[in-house]
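So you know, we letter chains A, B, ... as the sequences are listed, proteins then strands, and number each from 1. Being a predicted model, the structure only gives us computed values, none of them experimental.
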Protein chains: 2
Amino acid sequence: MTESDFVRVKRSRVHEDIVQQMTQLIKDGKLRPGDKLPPERELAETLGVSRPTLRNALRVLEGLRMIESRQGDGTYVSQANFEQLVAPLAAVLSTRAFLVKDILELRQIIEPPIAERAALKARPEDIEELESILAVQAKKAGEGLETAEEDTRFHYAIAEATGNQMVVHLIDLVMSLLGEVRASWLQVPDRREVSLAGHRAILNAIKARDQAAASQTMKEHIERIGQAIETQL
Amino acid sequence: MTESDFVRVKRSRVHEDIVQQMTQLIKDGKLRPGDKLPPERELAETLGVSRPTLRNALRVLEGLRMIESRQGDGTYVSQANFEQLVAPLAAVLSTRAFLVKDILELRQIIEPPIAERAALKARPEDIEELESILAVQAKKAGEGLETAEEDTRFHYAIAEATGNQMVVHLIDLVMSLLGEVRASWLQVPDRREVSLAGHRAILNAIKARDQAAASQTMKEHIERIGQAIETQL
DNA sequence: AATGGTGTAGTGGTTAAACCAATTGGTATC
DNA sequence: GATACCAATTGGTTTAACCACTACACCATT
């Protein structure tokens, strides 16, 4: 027997045990989104712990959007959608400085095939949505207004055009990671025309159902923007 | 003035305000990973709130892995890595049933270009790592053992070969979303040979620095597995 | 010098009790 | 039926006390 046969003993905390228990109940389907939990006083008694200890556990679960407490009403298993579930992580990640270079490269890797899939799968209403966003973007750029919102919406709409919700959530997460870097880049007026031109080319390829062109135009667009952002840093 | 000019008033809770404040301090760099926070009793006094209320806020932050409390020592700003930051989300998502179809499609979209990038960027040690994993996988498959771990490591190692940390984290997240579905698929013995053969073809393409072949072999591999998993559901 | 034992101070973890704030449901009134 | 009021219930916060653990300092033994 060697020293490495011994493992550090992990102390459990009461409120963490409660979190575990609740998570498992939800995972097992015994508690479902929308279900109301017993009142805190009752649940604390059932669990054999003090109410503040239970509340510590509930705060953890609430921070993770797994439950929702309403004063005067009760505590419910959350019906949060994916976006709401991801929001805490996005907030946490925004406190960290990640390599912008890596994020930009990730975009270069994933957005061309996403555009390609959009060219394959877009429905007429998806195309209309893209055209509508582009029109607003053009109008605002023409008036010297800020277009970061349209830029985001355009990429988001391409993801939507794939008809795949996970792709949409992924783009959402990537965009939030880049956060303010893109926004500040778009503040410079002549760059808005670059963004607009890139978007136009992408949209034309998608409209034409030309998968290779969609991939290529998106690739060029992301590279152009990526280079400019890196120069700016 | 119309009714729509009025906006619902959002009540703030004290402990949520504290979470906001702490998050902002971390985001602004005024609190850095590894920094020690003042003792709870002192901090509660400074903030002008009760200690249980502060503790509620700290539980939220701890649940999000932003801080770490050590009994008898103190509370620190967390030095958690990306994987640890993502873990709570992965746990939450595991309580939800997401469309396996969408996740598999997402893999079909992103893993071929990732393999392509790996063929471009892999260093000798990356190739060695892939070969090593494949050898272990082959050995275990040959002995009728379970190979889910090697399967995961192989895809992870391809992401590593891109040299892009965000790509690695993304693959990590996607794999955890698929969780047990892949594992159960690999339990069936003859499927291990399919997985092994697919991995071999991908590795050969990467070794040959053949980007197109890497993309193509990965595409076929993911499609083959995806179809089988969907059939199983 | 290295190891083991003890004590103290400080810090987080839990409990108990009280009070405050918000929501919901029931009842009375018009 | 619509509105107002009230009581009960529920979550939110505060105060106080005690428990459990850690870090550190000091001393004794080998």
Please list, pair by pair, any protein nitrogen or oxygen found under 3.5 Å from a nitrogen or oxygen in nucleotides 4-9 of chain C.
none

Test item: side-chain donor near acceptor, [X] and [Y], under 3.5 Å:
X	Y	value
B/Gln21	B/Asp17	no
B/Asp102	A/Gln165	no
B/Gln137	B/Ser195	yes

- Task: Kindly assign one of parallel, tilted or perpendicular to the pair B/His199 and B/Phe154, based on the angle between their ring planes and the thresholds 30° and 60°.
- Result: parallel

Between B/Glu105 and B/Arg107, is the closest basic N to carboxylate O distance under 4.0 Å?
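Not counted as a salt bridge, because no side-chain N and carboxylate O are separated by less than 4.0 Å.
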
For the residue pair A/Thr162 and A/Ile158, establish whether any side-chain heavy-atom pair is separated by less than 4.5 Å.
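The answer is no; the side chains never approach within 4.5 Å.
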
Rounded to whole Å, CD1 of B/Ile67 lies from C1' of C/dG13 at a distance of 14 Å

Check your understanding: In whole Å, what is the span from the CG atom of B/Leu43 to the P atom of C/dG10?
Key ->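 Rounded to the whole Å, the gap is 18 Å.
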
Per-nucleotide protein contact along nucleotides 10-19 of chain D, 5' to 3', at a 4.0 Å heavy-atom cut-off (B base, S sugar-phosphate only, - neither), is BBBBBB-BB-

With B/Arg51, which of B/Glu40, B/Glu42, B/Glu45 fulfils side-chain hydrogen bond (donor to acceptor under 3.5 Å, both in side chains)?
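Only one option passes, and that is B/Glu40.
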
(Q) Restricting to side chain to side chain donor-acceptor pair (under 3.5 Å), what partner residues turn up for A/Glu62, sequence neighbours left out? (A)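 Partners of A/Glu62 by the side chain to side chain donor-acceptor pair (under 3.5 Å) criterion, ordered by chain and then number, come out as A/Arg59, B/Arg13.
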
